[in-house]
Protein chains: 2
Amino acid sequence: MTSGAGTLDEASEAYPRIQRRTLHDEVLERMRDMIIEGTLAPGQRINEGLIGAQLGVSRTPLREAIKTLASEGLVEIQPAKGAIVRKFSSADMRNILEVLKNLEQLGGRMACEIASDETIAAIRALHDAMMEQYSVRNRLEYFKLNQAIHSAIVAASGNDVLVEMHGTLQARIKRLRFIGNEGPEKWAGAVAEHETMIESLEKRDVEALMEVIRLHMDSTRLRVWDVL
Amino acid sequence: MTSGAGTLDEASEAYPRIQRRTLHDEVLERMRDMIIEGTLAPGQRINEGLIGAQLGVSRTPLREAIKTLASEGLVEIQPAKGAIVRKFSSADMRNILEVLKNLEQLGGRMACEIASDETIAAIRALHDAMMEQYSVRNRLEYFKLNQAIHSAIVAASGNDVLVEMHGTLQARIKRLRFIGNEGPEKWAGAVAEHETMIESLEKRDVEALMEVIRLHMDSTRLRVWDVL
DNA sequence: TATAATTATGCTGCATACAGAATACTTGCC
DNA sequence: GGCAAGTATTCTGTATGCAGCATAATTATA
């Protein structure tokens, strides 16, 4: 190692390398959004030529993105027929939520142990912002913050792999969750659970946190039930 | 639904639709194996032209497979530079095993509750076969059965999503685990833990099973430690 | 001889071309 | 009019071509 290396490391910390974005990445992100927003509805076939033209991209990077989406479980590929946006059965939903519950519990447990006060305060800030959006009934922003909180708790575990797995599963049910929270009474219930979650985390009360995560996930299943 | 539908369903159950295998699938499988076997070593750059020629395939399906591998976390893509086989740090290892432990515990817990006696007997059979390979020191076959047992326990939970997540993570550390079990004393330790696992499952003793899975995963970390 | 600048090569990212399968359409027949 | 067979069209799967970036090789310079 020469003396130059140190300087380079310092620089790379201050100015993180900007990573080139390929069309693959761009398309991938766009299509994820389209699925979550419902522009691409569950069960719908994905016409490569059409979507490609729509996004102004050739079929090559688009197909690569589709393969990634398939790996993430958001679309299903039927050879020689094409890809369709994946439809989740109630059994799928139950399975996803069961695993998600466990992952969040693991994340929560670790967060209680190792998260700094600042980290927890940041999560509280997200929660407050969410409540703000709730009070003005801005459902979209509320929803985004809601998701962000769940992610933040898991992230506070410091376990990247956990974050990744959680993110994958969360993406699968994102849309259903969004539709599911439609009724006001359902919405209120979710808000109350969230309040308890934050409090437990602040107190670093693992038992209480485990319980409320369990409750939150189980009631999510009920909230989403009639959507599928 | 017409009367014909019933016949079709029956037929499709008896003779499951053969699914066309695309080059993408084929290449994907091959490359996974190559990574696990070490033909593609961690950190090694993947030359598309080279591998393509080697497999007798054009770059298109190969690139698609690489994108999938990246999504599975087995390779890393650096835009305009290419893909490299992912290198796992000891922190990565710890994170993966932590999540894997939790997933297997969840699977084990559910298996104790809902698995049929036949299912458990089948797992016992796998275990016996594994012990057979152990006694003749056939490390490769032993290893495959070992992995199969872990997968089977998780599969006995009946939760597809859990199986999928478990499989993804298991794939990431497959190679390290294989190398890690090299010393005879390490090997023996793992075998003993497995024996306890099966017994706990047969007794449907959840607590004992949770404990041995915890032990098994933690000691796996130690066994693998010096490999990286 | 070591280093910097410059050229040359190789490889990736993307677009396009083509073959074959799947689907939609049309025509003929009952 | 409804169904079957045959034809046409669309779309996927794969290969290939080309531009641009990254790296290796080469030359120039101190």
Do the non-hydrogen side-chain atoms of A:Arg175 and A:Ile35 ever get within less than 4.5 Å of each other?
no
Taken in chain and number order and not counting sequence neighbours, the residues that satisfy ring-ring contact (aromatic ring centres under 6.0 Å, His included) with A:His166 are none
For the pair B:Asp218 and B:Lys101, find out whether any cationic side-chain nitrogen is under 4.0 Å from an anionic carboxylate oxygen.
yes
Taking only residues two or more places apart in sequence, or in another chain, which ones meet B:Glu141 in a side-chain contact (heavy atoms from CB on, under 4.5 Å)?
B:Gln133, B:Asn138, B:Lys144
Listed by chain and number, what are the side-chain contact (heavy atoms from CB on, under 4.5 Å) partners of A:Thr68, not counting sequence neighbours?
A:His24, A:Leu28, A:Glu72, B:Lys67, B:Ser71
Nucleotide range of DNA chain D contacted by chain B, 5' to 3', under 4.0 Å to a heavy atom?
D:dT14 to D:dT23
Aromatic A:Trp225 / basic A:Arg94 pairing, under 6.0 angstrom, 45° off normal:
no
B:Phe143 vs B:Arg177 side-chain heavy atoms within contact, under 4.5 Å
yes
Going 5' to 3' through nucleotides 11-16 of chain C, assign each nucleotide B (protein heavy atom under 4.0 Å from a base atom), S (under 4.0 Å only from sugar-phosphate atoms) or - (no protein heavy atom that close).
SBBSBB
Inter-axis angle, terminal five-pair segments of the helix from C:dT1-D:dA30 to C:dC30-D:dG1 [nearest 10°]
0°
So, are B:Arg172 and A:Glu164 salt-bridged, with charged N and O less than 4.0 Å apart?
yes
Tell me whether the count of non-hydrogen atoms from other residues, nucleotides or ligands lying under 6.0 Å of CZ in B:Arg109 goes above 12.
yes
Quick one: is the NZ or CZ of B:Arg139 closer than 6.0 Å to the six-membered ring centre of B:Tyr134, and within 45° of its axis?
no
